[in-house]
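The structure appears below as structure tokens.
Note that the structure is predicted; figures quoted are calculated from it, not measured. Counting starts at 1 for both ligands and their atoms, following the listed order.
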Amino acid sequence: MCGIVAYIGAKQARPLLIEGLKRLEYRGYDSAGIAVLNGAVSVVRTVGRVSVLEDRLAESGDLKGSVGIAHTRWATHGEPAERNAHPHVDDRHGIALIHNGIIENYAALRTWLEEQGHTFTSETDTEVLTMLISELYDGDLEKAVQGALREVTGAYALAAICEKEPDTLVVARKGSPLMVGVGADEYIVASDASAIVAHTSRAVTLDDYQVCKLTRDSFRTSTLDNVAVTPRIQELELELEQIELGDYPHYMIKEIFEQPNSLRNTMRGRIDLREGRVVLGGVGQYARELVKARRFILLGQGTALHAAMIGEYLLEDLAKVPAEVEYSSEFRYRNPIIEEGTVIIAVSQSGETADTLSALHEAKERGALALGVVNVVGSSIARDTDAGVYLRVGPEIGVASTKAFTGQLSVLTLLSLFIARRRFMSVEQSSEILRTMERIPEMVERVLAESDQIRAVTERYCDRENWLFLGRGYNYPTALEGALKLKEISYIHAEGMPAAEMKHGPIALINHGMPVVFIANKGAQYEKVMSNIEEVRSRGGRVIAVATEGDTDIKRYAEDVFYIPEIPEALSPLLAVVPLQLMAYHAAVIRGHDVDKPRNLAKSVTVE
Ligand code: G6P
């Protein structure tokens, strides 16, 4: 969502803050701003990307000072406009604030603050929080922040400075991530480790309702009631090169091509072929509960939801246990029934998606055992679940999720086998599936080698504004994911659906030349998919098929074919999604869009 970076130390803050903002820009990017202390508080804010802010700074001269805060925003309250961009500055003491999250009771607070004589210049909840801190300020910024946060409901990660306290930076968190990088006589605070790792590998992750006061050479963490908390400094696992582009033009294509390796990492040490067993340290202590579980509910949003949908098939098909899947945003508000033996699985790359986090809290409150299938280590969902399995795919920067999706599928397959093998699955059957899984990275490499051909085909169709993606069984969710990828970054309207559903309405859309992508690999429903292809062709649709290597017959039905290696159906989405990722990527590049920062999107959505 929005990105926060703040600095206090001996160096000039501005270049450091701008570099940090660039690293965080993938989280949200409709406006940006910076405030630096140098006697007074100097603020520069702009609509648009961090590069626009940089240009403005070059025009307005240097912002000198070694204490500062900076922000990149994804609008929630108020349109993307300079007056709504952060930092916000109060009207009395020279307090500047940046904030991620949402202050839910901002309207009531604003009315009260107006009665106290404060004048607002924006529509944001953040300005309300700034004025509240200002109202409570009596010469101690830490105390004023603690007092203000006792009054607000909602979520926040924030950083504040005040011109009356030139050697102080105060930060706090509840429900939105924030970590304090601990360098040699300097501190870099950020909402994401990627803005810290170039400076130090030591960091403290703040817990909810914690405040941290930093001076140039020391820091103290406390609760909102000012009770001191002993901070735990941890080593960041992130390497700088993992978040650099290297030779790739975009993070998305880098991450698509990383999949053979990211999948190897996901599986490493987790497969015991001899016993046909899966070793998952993170859920080991709950093995009995998982084996006895009566029902699984998988929750997620966006790409994570599509992985969860495939997880539903996997759990029922391999582990033979009832499973259902739901948008986490819907789950919480429909009064869900959680019976004894219900296990929920929260699927999330970032581990910060507010909808999924709230759903998880709801399920836990109702007594469910909660597992996480999460990528970001130490994220809110990872921390709030009872147990979980990390994806280990490394940082995903491209807004369109790719390697996290295949990581989620691998983990959900491993988890299903973990349960299946303990319930009834034979060593032979389990070992056979695991042996195939071990070959998947090499199979993905073969699909990636087709990237140029996929680009050439995409080029022929990418001026069409309406596409359909169709699949059946395990590859119905893959079709949804293919459509999501295309619309997210190329702004082409695309719909995914079960192939058989097409004839119940959407077939009316098919006209001459409409691209229809079929996932038509060899499987139980192959013949039926062929009939669906015929239905499209006879109405003038142009069929692009993802098919199994060796299937030459399909060329009679489809205009263009992308081949994937032969693989059992349960594992086929791991391969079938790759040409769809590549197609979406190439379409966006050909149409001239900013692939890594598509309009209106944010990598991690930390508001409900
Ligand atoms: C946002 C992103 C999507 C992502 C979804 C869930 O909408 O733009 O790409 O799939 O959030 O994110 P999560 O971090 O929970 O997987």
Side-chain angles (χ1 to χ4, degrees), residues 1-3 25-30 74-76 100 175-177 191-192 194 251-252 255-256 262 298-311 325-332 344-361 370-385 388-391 393-409 411-412 477-478 480-491 496 577 580-581 584-585 588 593-608:
M1 187 118 257
C2 311
E25 201 173 12
Y26 73 103
R27 297 178 63 97
Y29 34 78
D30 59 42
W74 186 80
T76 54
N100 288 352
S176 201
S191 46
D192 181 324
S194 58
Y251 282 105
M252 183 180 176
E255 289 157 5
I256 291 174
S262 60
L298 298 108
L299 301 168
Q301 293 288 132
T303 291
L305 178 90
H306 298 152
M309 289 173 83
I310 296 171
V325 67
E326 190 159 351
Y327 284 104
S328 27
S329 57
E330 293 301 313
F331 173 80
R332 183 180 183 190
I344 70 120
I345 304 180
V347 183
S348 173
Q349 187 286 128
S350 63
E352 302 294 347
T353 300
D355 291 318
T356 307
L357 192 57
S358 308
L360 156 70
H361 291 156
L371 302 189
V373 172
V374 171
N375 191 35
V376 178
V377 176
S379 56
S380 300
I381 294 174
R383 289 182 333 163
D384 291 358
T385 37
V389 185
Y390 280 121
L391 306 185
V393 299
E396 191 179 68
I397 311 268
V399 168
S401 186
T402 52
K403 64 175 178 174
F405 179 72
T406 46
Q408 285 155 355
L409 295 188
V411 166
L412 289 166
T478 315
L480 296 184
E481 178 59 8
L484 177 65
K485 286 286 87 75
L486 190 69
K487 63 187 145 194
E488 277 185 309
I489 56 170
S490 68
Y491 317 143
V577 75
L580 308 186
Q581 296 170 340
Y585 172 76
H593 299 310
D594 187 344
V595 175
D596 288 330
K597 300 189 192 75
R599 74 179 175 212
N600 304 340
L601 296 188
K603 180 69 183 159
S604 160
V605 181
T606 51
V607 291
E608 276 190 46

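- Ranking protein heavy atoms by distance to atom 11 (O) of ligand 1, first place goes to Lys603 O, 4.0 Å.
- Between atom CZ of residue Phe331 and atom CG of residue Leu298 there is a gap of 11.0 Å, rounded to the nearest 0.5 Å.
- Closest to atom 7 (O) of ligand 1 among all protein heavy atoms lies Val605 CG2, 3.9 Å.
- The protein atom (non-hydrogen) at minimum distance from atom 8 (O) of ligand 1 is Ala602 O, 3.0 Å.
- Side-chain atoms of His306 and Leu484, non-hydrogen and from C-beta on, do get closer than 4.5 Å to each other.
- The side-chain heavy atoms of Ile397 and Asp596, taken from C-beta on, include no pair separated by under 4.5 Å.
- Closest protein heavy atom to atom 14 (O) of ligand 1: Ser350 OG, 2.6 Å.
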Side chain to side chain contact (heavy atoms under 4.5 Å, CB included) assessment of Thr385 paired with Leu371: CA-CA 5 Å; Thr385 37; Leu371 302 189; 5.7 Å; no

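- Taking a cut-off of under 4.0 Å to the non-hydrogen atoms of Gln349, the atoms of ligand 1 that pass are 13 (P), 14 (O), 15 (O), 16 (O).
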Full working for side chain to side chain contact (heavy atoms under 4.5 Å, CB included) between Ile489 and His593: CA-CA 7 Å; Ile489 56 170; His593 299 310; over 6 Å; no

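- No hydrogens or angles considered: nothing links the side chains of Glu352 and Ser379 as a donor-acceptor pair under 3.5 Å.
- Residue contacts with ligand 1 include Glu488, since one of its heavy atoms falls under 4.0 Å from the ligand.
- If you number the atoms of ligand 1 from 1 as listed, the ones under 4.0 Å from a heavy atom of Val399 come out as 9 (O).
- Among all non-hydrogen protein atoms, the one lying nearest atom 4 (C) of ligand 1 is Thr303 N, 4.2 Å.
- Shortest contact from atom 6 (C) of ligand 1 to any protein heavy atom: Gln301 O, 3.3 Å.
- Remark: the Ser194 side chain and the Asp192 side chain contain an N/O donor-acceptor pair separated by less than 3.5 Å.
- Below 3.5 Å of separation, one finds an N or O of Thr353 facing an N or O of ligand 1.
- Under a 4.0 angstrom heavy-atom cut-off, Thr356 registers as lying outside contact with ligand 1.
- Side-chain contact annotation: Glu481 with Thr303, donor-acceptor N/O pair under 3.5 Å present.
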